[in-house]
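For reference, the structure discussed in these notes is given below.
In what follows, chains carry the letters A, B, and so on, assigned in the order in which the sequence lines appear, proteins first and then strands, with residues in each chain numbered from 1.
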Amino acid sequence: MLNLKFIQENPELVIEKLKKKHFDASVIVQQITALSAKKNETQACADQCKAEMNKISKEIGLLMRDGKTTEADVAKNRTAELKENIKQLDDSFARIDQEIFNIQVLLPNLPADIVPEGRTPEDNLVVKRLGEIPVLSENSVPHWELAKKYDIIDFELGVKITGAGFPVYKGKGARIQRALISFFLDEAREAGFLEIQPPLMVNEDSGFGTGQLPDKEGQMYHATEDNLYLIPTAEVPVTNLYRDMILEAKDLPIKNTAYSACFRREAGSYGKDVRGLNRLHQFDKVEIVQIAHPDHSYELLDEMVAHVESLVQKLELPYRILRLCGGDMSFTSALTYDFEVFSAAQEKWLEVSSVSNFESFQANRLKLRYRDEVTKKPVVAHTLNGSALALPRILAALLENNQTPEGIRIPKVLIPYCGFDVID
RNA sequence: GGAGAGAUGGGUGAGUGGCUGAAACCACCGGUUUGCUAAACCGACGUACGGGUCAUUCUGUACCGGGGGUUCGAAUCCCCCUCUCUCCGCCA
């Protein structure tokens, strides 16, 4: 959510910057400006009435104490009209406030200046591409066939016990999952992130704080009986740890990492893009989250990108880093880098990580602030997060790219975690 | 699932209708003292929104879990909701 004062003071800037996201903000900004003026006016009137009311009430108290009941009664009569005014002003204030909020949350975050122009994924800027794309033998196959061949992932069994998109990992398949999680967490810890093990379900307030609610309600599984939501990413519980907080400037940046299962309803997707591990309702991910001082958030974003890059490098996967264009960015992000690894058997790039700076967009909702060391005033912090990494597509690429007639080779860095060096 | 208790500022915790935005203590911050640390003493110490000087300041309003009500006036009384804790039951 953009800051209201900022919109009021910089209406043209907001409209101009959102053009890059192909969002026409002119009407909303105009409405907000008009409503805000009305809101301030209403508040000024209401406050004045209330001040008068408070004054009279105090006088009545004094009169009553002195036993001057008749004078007190006279004073009481004066309050009736005031009371009615206050009620009306408060009502219209609340109504305007709600109206502003309702349209304020429709505005996406402003893209950073270096965000490329563009509409579609094709317009994303490839900022780096590294690693050899392996040349596979004639009879190489996509990962869902490998999964079956070596009996390490059973999609049908998942369908039986739960439904499509809930795979069952077996034997070395289960062990490599566990290995990847441990590897990612260890790497994050060594990079300075504090490991968190968060709840997998969150309440409504948390869903609101990170922006899943109220709009994207359909993307989360909802346990209606208890009104709890299954988390779509560890970002939700971890970022919400700091909701409604005023942190000390010296405690920034806060760096957290968490492994969690992630649950996504992702209704309406179909086709070969969702085959196998490409898109799931439940998957595993290690997330990294930072709460940052605004002056440093972009340096920290670069650090996070470097961290994710080191992971894909250690896994020996060919990868590329994209700076997302305005049209392909998420609603909440100011700058996003996507990581894609090349899946040799499917012959396409698979997104495995998305690293973003949200600036103060999330923190505004979360009421997440820090105390400025000079002014001693609370200032909204910046939040960042990234996948480091999401497992399924990494696993898909590992299986496909490392397949040989003798079996699937495990990257060196994972062998100590797996306890085996080949899947055969 | 059953029964009871509770929700106050960063923390502990007082406060049953008016001088309480809130005692006291602790923590944090500034200062004095001190060879340093500690101790002691003094002071400051919530957030949000609005108004004026728009730089330091000044000022109004709201907020004691959330919502509604009673009253001239509510942290305090009434109603509803949410959450937490304790005991019992069940259970990894």
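Across all strands, A/A51 comes closer than 4.0 Å only to sugar-phosphate atoms, never to a base (heavy-atom distances). A/I60 comes within 4.0 angstrom of a base, heavy atoms only. At a threshold of 4.0 angstrom between heavy atoms, the contacts of A/K250 with the nucleic acid are absent.
The side chain of A/N54 contributes no N or O atom lying less than 4.0 Å from OP1 or OP2 of B/G18. At least one side-chain nitrogen or oxygen of A/K83 sits closer than 4.0 Å to the OP1 or OP2 atom of B/G73. For A/R369, a side-chain nitrogen or oxygen approaches OP1 or OP2 of B/A48 to under 4.0 Å. Within the 4.0 Å cut-off from OP1 or OP2 of B/U47, at least one side-chain nitrogen or oxygen of A/R371 is found. Regarding contacts with the backbone of B/C72, every side-chain N or O of A/K58 stays at 4.0 angstrom or more from both OP1 and OP2.
Base pairing annotation: B/C41 forms a Watson-Crick or G-U wobble pair with B/G31, both donor-acceptor distances under 3.5 Å. Partner assigned to B/C25 is B/G11, using Watson-Crick or G-U wobble distances below 3.5 angstrom. Within the shown strands, nothing qualifies as a pairing partner of B/A75 under the Watson-Crick or G-U definition with both distances less than 3.5 Å. Of the nucleotides present, none pairs with B/U53 by Watson-Crick or G-U wobble criteria with both distances under 3.5 Å. Of all nucleotides present, only B/A48 satisfies the Watson-Crick or G-U wobble test against B/U61, with each distance under 3.5 Å. The partner of B/C36, taking Watson-Crick or G-U wobble pairs whose two distances both stay under 3.5 Å, does not exist in any strand shown. Using N1 to N3 plus N6-O4 or O6-N4 for Watson-Crick, or N1-O2 and O6-N3 for G-U wobble, each under 3.5 Å, B/G1 pairs with B/C88. Using N1 to N3 plus N6-O4 or O6-N4 for Watson-Crick, or N1-O2 and O6-N3 for G-U wobble, each under 3.5 Å, B/U20 pairs with nothing.
Across B/G30 and B/A39, the matching P atoms stand 15 Å from one another, rounded to whole Å. Spacing of P atoms, B/C88 relative to B/C26, comes out at 38 Å, to the nearest Å. The gap from the C1' atom of B/A27 to that of B/G11 amounts to 7 Å, rounded to the nearest Å. For the C1' atom pair drawn from B/G2 and B/G15, the interatomic distance equals 34 Å after rounding to whole Å.
Listed nucleotides: B/G51, B/U47, B/C72. Nearest to the side chain of A/N40: B/G51. Checking B/G60, B/G50, B/C72 against the side-chain heavy atoms of A/A44 singles out B/G50 as nearest. Each of B/U47, B/G73, B/A62 was ranked by its minimum atom distance to the side chain of A/P378; first place goes to B/U47. Which of B/G50, B/C72, B/A62 sits closest to the side chain of A/M53 comes down to B/C72. When distances are taken from the side chain of A/K87 to each of B/A48, B/G69, B/U61, the shortest belongs to B/G69.
Of the charged side-chain nitrogens involved, at least one lies within less than 4.0 Å of a carboxylate oxygen, so that A/E303 and A/K255 count as a salt-bridged pair. Ionic pairing of A/R78 and A/E81 is not present here: no N-O contact between side-chain nitrogen and carboxylate oxygen is shorter than 4.0 angstrom. Using a 4.0 Å cut-off between charged nitrogen and carboxylate oxygen, A/E248 and A/K250 do not count as a salt-bridge pair.
The closest side-chain donor-acceptor pair between A/N278 and A/R275, if any, does not fall under 3.5 angstrom.
For the contact set between residues 236-248 of chain A and RNA chain B, defined by any heavy atom under 4.0 Å, the members are A/I246.
Cation-pi check for A/K172 over A/F420 is met; the charged atom lies under 6.0 angstrom from the ring centroid and within 45 degrees of its normal.
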Determine, step by step, whether A/E195 and A/Y259 satisfy the side-chain hydrogen bond (donor to acceptor under 3.5 Å, both in side chains) criterion, reporting the C-alpha distance in whole Å, the side-chain angles of both residues, the deciding distance to 0.1 Å, and the verdict. CA-CA 8 Å; A/E195 184 172 340; A/Y259 153 71; over 6 Å; no
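Side-chain N or O atoms of A/S354 include none that pairs as donor or acceptor with a backbone N or O of A/D338 at under 3.5 Å.
Applying the salt bridge (charged side-chain N to carboxylate O under 4.0 Å, His left out) test to A/D90 and every residue at least two apart in sequence or in another chain returns A/K50.
Proximity of A/K21 to A/N109: side-chain heavy atoms (C-beta onward) are separated by under 4.5 Å at one or more points.
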